[in-house]
Amino acid sequence: MKKRVITLCMMLLLLFVMIGCGDSNVEEIDWVNIRLGDVLPEPKSKSMKILTNSDENLSVYICNTSQNDYYEYTRLCEDNGFSIDVEYIGDSFYGFNDEGYYLGLSYYGSNKEMHISLDEPMEFGEYTWPAFAVELGL
């Protein structure tokens with residue numbers, strides 16, 4: 001299940017690469033205007049293309065980013081709590097923080113851009129064990 005989610009995320013990220021920083025929607029954006037910005041460290045570059053900026057999800061391309069900037073940002077994110085269930089796949093990073101936020105970072109060297117995807121924690125309802133499980137003491 002986890003690999004399917006990661007595969008789906010990778011496919012979506014690859015689709016978004018085509019929309020990246022190479023067009024006229026790139027803006028100089030102050031990180032304080034990013035709704036979930038307080039959950040993440042501020043990237044070095046202010047040149048961004050925002051795909052989603054809501055209280056539930058952030059999807060943004062950070063333009064003019066070197067691979068070293070990407071590695072440094074990944075380390076900063078880990079140091080700031082995104083260190084649960086961490087996975088590195090090529091030039092992509094995935095992990096949770098203790099509040100349940102899910103972070104995906106990818107670097108695209110050909111475009112010199114980093115994609116940040118951040119999702120708010122999922123809320124789960126209360127689970128009720130089935131009667132047979134309670135009877136069996138599970």
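This one's a predicted model, so the numbers in the text were calculated from it and none came from an experiment.
Of the possible polar contacts, none joining the Asp98 side chain to the Gly81 backbone as a donor-acceptor pair under 3.5 Å is found. A side-chain donor-acceptor contact under 3.5 Å links Tyr107 to the backbone of Gln67. Judged purely by atom type and a 3.5 angstrom limit, Tyr70 uses its side chain to pair as donor or acceptor with the backbone of Asp91. Remark: the backbone N or O of Thr52 is not paired with any side-chain donor or acceptor of Ser59 at under 3.5 angstrom. Looking only at distances, a side-chain donor or acceptor of Tyr73 sits under 3.5 Å from a matching main-chain atom of Pro41. With hydrogens and angles ignored, the 3.5 Å screen pairs no side-chain donor or acceptor of Asp69 with any backbone N or O of Pro43.
Taking 4.5 Å as the limit, every side-chain heavy atom of Tyr61 sits out of range of all side-chain heavy atoms of Met114. Using a 4.5 Å heavy-atom threshold, the side chains of Thr65 and Tyr108 count as separate. The shortest distance between side-chain heavy atoms of Asn97 and Leu103 does not fall below 4.5 Å. Contact check for Ile34 versus Ile29: side-chain heavy atoms found under the 4.5 Å cut-off. A 4.5 Å side-chain heavy-atom check between Asn53 and Leu58 finds at least one atom pair inside the cut-off. Residues Glu27 and Ile50 are not in side-chain contact: their nearest non-hydrogen atoms beyond the backbone lie 4.5 Å or more apart. Between Asn64 and Lys112 there is no side-chain heavy-atom pair separated by less than 4.5 Å.
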Exercise. Would Glu120 and Tyr101 count as a side-chain contact (heavy atoms from CB on, under 4.5 Å) if you check the C-alpha gap in whole Å, the side-chain angles of each, and the deciding distance to 0.1 Å?
Worked result: CA-CA 5 Å; Glu120 73 172 347; Tyr101 285 92; 4.1 Å; yes
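Note that the CD1 atom of Ile116 and the SG atom of Cys77 stand 7.0 Å from one another [nearest 0.5 Å]. Rounding to the nearest 0.5 Å gives a distance of 14.0 Å between CG of Leu118 and CZ of Arg35.
Ring geometry, Tyr94 versus Tyr102: the interplanar angle falls under 30°, so the pair is classed parallel (tilted spans 30 to 60°).
Considering every non-hydrogen atom in both Leu36 and Glu56, the closest pair reads CD1-C, 4.1 Å. Closest non-hydrogen pair, Ser47 versus Glu28, comes out as CB-OE2, 3.5 Å. Of all heavy-atom pairs between Cys63 and Ser45, the closest is O-OG, 2.8 Å. Shortest non-hydrogen contact noted between Leu40 and Trp31 is O-NE1, 3.6 Å.
Tracing side-chain contacts under 4.5 Å through hydrophobic residues (I, L, V, M, F, W, Y), one never reaches Leu76 starting from Ile84; they form parts of separate clusters.
A salt bridge does not link Lys49 to Glu113: none of the charged side-chain nitrogens sits closer than 4.0 Å to a carboxylate oxygen.
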